[in-house]
Number of protein chains: 2
Amino acid sequence: MADITSEGPSEHLGATGHSPVAAADDRPSSLVDLIGYIELFYFAYRDFTCDPDAILAQYGFGRAHHRVLHFVHRIPGLKVAELLDILKITKQSLARVLKQLVDEGFIIQKAGNEDRRERRLYLSAKGARLNDKLTQIQAKRIEGALANLGPGADALARNFLFGMITEKNRPQVETLIKGQRADTSEAAPDCNT
Amino acid sequence: MADITSEGPSEHLGATGHSPVAAADDRPSSLVDLIGYIELFYFAYRDFTCDPDAILAQYGFGRAHHRVLHFVHRIPGLKVAELLDILKITKQSLARVLKQLVDEGFIIQKAGNEDRRERRLYLSAKGARLNDKLTQIQAKRIEGALANLGPGADALARNFLFGMITEKNRPQVETLIKGQRADTSEAAPDCNT
DNA sequence: GACGTTATGTCAGCCATGTTGACTTATTGG
DNA sequence: CCAATAAGTCAACATGGCTGACATAACGTC
């Protein structure tokens with residue numbers, strides 16, 4: 001069966017027992033020591049998204065609808081083009097879910113004041129209610145995760161996640177997080193690059 | 001246009017300027033203060049997965065193939081049933097990608113010694129090489145994210161992600177992360193529950 | 001040895017959400 | 001008037017979830 005099982009140096013993850021997944025020491029770590037993150041990130045994101053998914057399914061919606069609701073709530077009056085820049089999907093993909101949300105009265109479109117070609121997006125009261133439900137359940141999970149980690153965990157967790165974002169995209173996300181309209185001109189067009 | 005724009009109390013995120021996305025203080029935060037996490041998590045995971053996606057595309061593979069490679073590498077001799085318990089997808093979904101990986105020689109199947117119905121899964125040298133490439137690129141991103149966050153960040157980030165996982169699933173993930181075979185009997189079957 | 005259970009594989013089809021390419025419509029601004 | 005822009009739309013395709021039904025081989029028990 002050959003040497004299928006092991007490649008690379010030892011993959012001990014340095015658990016000392018008092019902490020579920022990580023030790024408190026900071027030995028210089030080889031890259032393979034970081035494998036656990038790949039799994040943690042995968043499982044964490046999966047569970048993080050499954051709560052809203054369950055609610056959305058009751059409305060006949062999916063994850064894509066959630067994203068639209070979320071960012072429209074975050075930046076009321078968002079233009080379609082801006083939303084495309086944030087989500088980095090094609091307008092055809094967006095149109096499919098946006099049309100549903102508009103048709104069913106969760107999102108309201110209004111022509112721009114200065115440029116009437118623009119369709120400014122707003123949540124209806126109905127849309128805001130649904131988005132609130134989704135936000136609440138996700139916020140509770142985050143709160144729970146932070147609760148057991150001493151002070152300073154909040155800042156550190158945010159900065160860790162921020163650091164996971166491709167450098168080129170960080171300015172866009174940074175302004176977005178402040179609830180501002182992002183200048184997306186420098187952000188990565190495809191994946192990394 | 002009614003009051004579409006604002007619901008809930010003020011959504012300031014407490015950025016003080018010296019840190020890109022988070023302040024160092026620990027005021028009691030309302031749930032809406034955690035909205036930034038929803039975005040950070042979304043963007044971070046998107047960028048985290050896009051690096052491997054680009055490599056996988058060169059092989060005609062997708063994200064689903066990556067997961068199989070990853071966990072088979074992690075637990076050589078993994079049974080199909082165990083993999084299904086980890087990924088929580090149907091065997092039909094798994095079969096589609098697993099068949100490709102086996103047919104193209106990235107994964108080797110071997111009947112179990114005691115129970116010859118079992119198909120034990122192993123990476124071939126070719127599979128190990130591909131998986132290594134994927135691990136390397138993701139590990140580098142993680143390393144970069146941790147690099148700017150003083151000592152203790154590693155343990156804290158791991159514990160934060162761990163805390164984001166649904167409680168019922170944590171024992172499974174914990175043993176998985178130690179590179180052991182997980183007892184999945186208690187894990188959440190669907191989403192949360 | 002027959003039989004029920006288990007592990008795995010497979011066929012067929014559906015859904016959600018991403019993609020590309022081509023084209024229309026309304027509006028803007030020079 | 002006309003080119004450029006914002007948005008919408010149609011058609012077709014890929015990936016990766018899902019369900020239901022059924023096949024095969026091996027195990028274990030009576």
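Only this structure's heavy atoms are used, side chains among them; waters, hydrogens and symmetry mates stay out. Reminder, nothing fancy here: chain letters follow the sequence lines and each chain counts from 1.
Using a 4.0 Å cut-off on heavy atoms, none of the residues of residues 53-63 of chain B approach DNA chain C.
One finds a side-chain N or O of His65(A) lying less than 4.0 angstrom from the OP1 or OP2 phosphate oxygen of dT17(C).
Heavy atoms from other residues, nucleotides or ligands lying under 6.0 Å from CD of Glu167(B) number 12 at most. Around the CG atom of Asn113(B), the shell of radius 6.0 Å holds no more than 12 heavy atoms that belong to other residues, nucleotides or ligands.
Remark: the Asn169(A) side chain and the Asp47(B) side chain contain an N/O donor-acceptor pair separated by less than 3.5 Å. Between Tyr37(A) and Asp154(B), the side chains place a donor N or O and an acceptor N or O closer than 3.5 Å (distance only, hydrogens not considered).
Heavy atoms only, all atoms of each residue included: Arg46(B) and Leu87(A) are closest at NH1-O, 3.1 Å. Smallest separation of non-hydrogen atoms from Leu78(A) and Phe71(A): CD2-O, 4.0 Å.
Terminal axes of the helix from dG1(C)-dC30(D) to dG30(C)-dC1(D) (five pairs each, C1' rotation axis) are separated by 10°, to the nearest 10°.
Residues meeting the side chain to side chain contact (heavy atoms under 4.5 Å, CB included) test with Asp115(A), sequence neighbours left out: Arg117(A), Glu118(A). Partners of Lys126(A) under the side chain to side chain contact (heavy atoms under 4.5 Å, CB included) rule, at least two apart in sequence or in another chain, are Phe106(A), Ser124(A), Arg129(A).
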So which protein N/O to nucleotides 5-9 of chain C N/O distances come out below 3.5 Å?
| from | atom 1 | to | atom 2 | distance (Å) |
| --- | --- | --- | --- | --- |
| dT6(C) | O2 | Arg117(B) | NH1 | 2.6 |
| dT8(C) | OP1 | Val80(B) | N | 3.4 |
| dT8(C) | OP1 | Arg119(B) | N | 3.3 |
| dT8(C) | OP2 | Ala81(B) | N | 2.9 |
| dT8(C) | O4 | Lys91(B) | NZ | 3.1 |
| dG9(C) | OP1 | Gln109(B) | NE2 | 2.6 |
| dG9(C) | N7 | Lys91(B) | NZ | 3.2 |
| dG9(C) | O6 | Lys91(B) | NZ | 2.3 |

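A distance of 13.0 Å separates CG in Leu94(A) from NZ in Lys99(A), rounded to the nearest 0.5 Å.
For the pair Arg96(B) CZ and dA12(C) P, the interatomic distance rounds to 14 Å; values are reported in whole Å. With rounding to whole Å, Ile89(A) atom CD1 is found 8 Å from dT17(C) atom C1'.
Checked against the 6.0 Å centroid threshold, Phe160(B) and Phe160(A) do not count as a close aromatic pair.
Between Glu104(B) and His65(B) the shortest side-chain heavy-atom distance does not fall below 4.5 Å.
The footprint of chain A on DNA chain D, defined by a heavy-atom cutoff below 4.0 Å, extends from dA4(D) to dC10(D).
Within the 3.5 Å criterion, the main-chain N or O of Asn131(A) finds a donor-acceptor partner in the side chain of Thr135(A).
Between Phe61(B) and Tyr59(B), the two ring planes are parallel [angle under 30°; tilted spans 30° to 60°].
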